[in-house]
Protein chains: 2
Amino acid sequence: MPQRDLTVESIVDRIRASGGRVTPAKRTLIDVLFSSDQHLTAEDITAHVQSTSPETSPSTIYRNLEELEQLGIVVHAHLGRAAAVYHLAGPVHGHLICSNCGTTIEVPSPYFESFTTAVWNDFHFMVDRHHLAISGLCAACFER
Amino acid sequence: MPQRDLTVESIVDRIRASGGRVTPAKRTLIDVLFSSDQHLTAEDITAHVQSTSPETSPSTIYRNLEELEQLGIVVHAHLGRAAAVYHLAGPVHGHLICSNCGTTIEVPSPYFESFTTAVWNDFHFMVDRHHLAISGLCAACFER
DNA sequence: ATTGCTGCAAACCTTTTGCAAGAAT
DNA sequence: ATTCTTGCAAAAGGTTTGCAGCAAT
């Protein structure tokens, strides 16, 4: 469940505060993001938005996702060669993605804290914890 | 420095043992992989191969990289939306990729061992350690 | 009245695929 | 002789961009 202290109205305000305009396409996009806990691809999101506003184009979705990401409202992660997944910003977590079936598991921050620290100390590399996406196999796929 | 107990001849033998044929394109590809410690994109590799054999097509590179990967000779990792990077298989390691400048740092296996174990115990997810690619900022880019 | 946002179509980039000709075994 | 590989060209998948008209402020 993403950050629930974030309301649609607070987002609308932030858009305007940053000089952006609040259009129906943006409102619908925000609604879609709020109504799903899932990690959605741009294509998923487009389909959901189009079920309300069929004329919305994918490029608008991409542009608005990018705007929301710049405002810190949305984050995305990449998994392998496939499409990126988007979701509302919330508690920092990493993503485990099954390379076989696509299942995504969220891993809370403490699991990769010591890794992040060690890598900072020894390699002076600052892990971007919002983008942490690790591929592998979920239990079901691993057992086959 | 990748696995140096691997010789060009042993690779050639493995290709034939698996029913594959040893063509000039494959030899050149193997040479290129041996002559670079870097993480190369398919485009990089194509350029290097073409400097020796200009008529080699990218599709041949992709097909041969895939064959070598199936034989366990090559591994690849994805970083963000950009092209995948390939290199000779060697000691298992993860990759830290600077999302600003593209620098890639190899992290030896022990750094992510405990993470891998914890995630297996708690989420029953088997991390594919060959594909571990983590984005963030290298020291130089972090300081700006 | 501004000027940001939209839909559409086309471009882009990386990778994959179909195919007939050529080459390794 | 067999059948794997190749180069070429085209397709495919995800994302970005140019543009002229429309709409939020």
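Quantities reported herein were computed from a predicted structural model and do not represent experimental measurements.
With no hydrogens or angles considered, no side-chain donor-acceptor pair links Glu113(A) and Thr117(A) at under 3.5 Å. His95(A) and Glu106(A) are not linked by any side-chain donor-acceptor pair at a separation below 3.5 angstrom, with hydrogens and angles left out of the test. Side-chain contact annotation: Asp44(A) with Tyr86(A), donor-acceptor N/O pair under 3.5 Å absent.
Judged by atom type and distance alone, Arg16(B) does not reach the base of dT25(C) through any side-chain donor-acceptor pair under 3.5 Å. Between the side chain of Ser59(A) and the base of dC8(C), at least one donor-acceptor pair of N or O atoms lies under 3.5 Å.
Relative to the side chain of Ser57(A), the nucleotides dC8(D), dC8(C), dT3(C) differ in distance, and dC8(C) lies closest. Taking the side chain of Lys26(A) as heavy atoms from C-beta on, and the options dT6(C), dT5(D), dT6(D), the nearest nucleotide is dT6(C). Nearest to the side-chain atoms of Ala83(A) among the listed nucleotides dT25(D), dG14(D), dT6(D) stands dG14(D).
A close approach under 4.0 Å does occur between a side-chain nitrogen or oxygen of Thr60(A) and OP1 or OP2 of dG7(C). Within the 4.0 Å cut-off from OP1 or OP2 of dC5(C), not a single side-chain nitrogen or oxygen of Arg63(A) is found. The phosphate of dT6(C) has neither OP1 nor OP2 within less than 4.0 Å of any side-chain N or O from Thr56(A).
The CG-P distance, from Asn64(B) to dT16(C), rounds to 13 Å in whole Å. Regarding Leu65(A), its CG atom lies at a distance of 13 Å from the C1' atom of dT16(D), rounded to whole Å. Remark: P of dT15(D) and CD1 of Ile45(A) are 10 Å apart, rounded to the nearest angstrom. Between the OH atom of Tyr62(B) and the C1' atom of dT6(D) there is a distance of 17 Å, rounded to whole Å. One interatomic measurement links the two molecules: NE2 of His78(B) to C1' of dG13(D), which rounds to 14 Å at whole-angstrom precision. For Glu67(B) and dT6(D), the CD to P distance is 8 Å, given to the nearest whole Å. The CD atom of Glu55(A) sits 13 Å away from the C1' atom of dC5(C) (whole-angstrom rounding). Asp44(A) has its CG atom 11 Å from the P atom of dT15(D), to the nearest Å.
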### Query
Does the ring pair (Phe, Tyr, Trp, His ring centres under 6.0 Å) test come out yes or no for Phe142(A) and Trp120(B), once each step is laid out?
CA-CA 11 Å; Phe142(A) 181 69; Trp120(B) 174 249; 5.1 Å; yes
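Mapping Glu66(B) and Thr23(B) onto DNA chain C by nearest heavy atom places Glu66(B) at the nucleotide closer to the 5' end.
Pro24(B) comes within 4.0 angstrom of the backbone, heavy atoms only, and of no base.
If you take CZ on Arg27(A) and CD1 on Ile11(A), they are separated by 11.0 Å, rounding to the nearest 0.5 Å.
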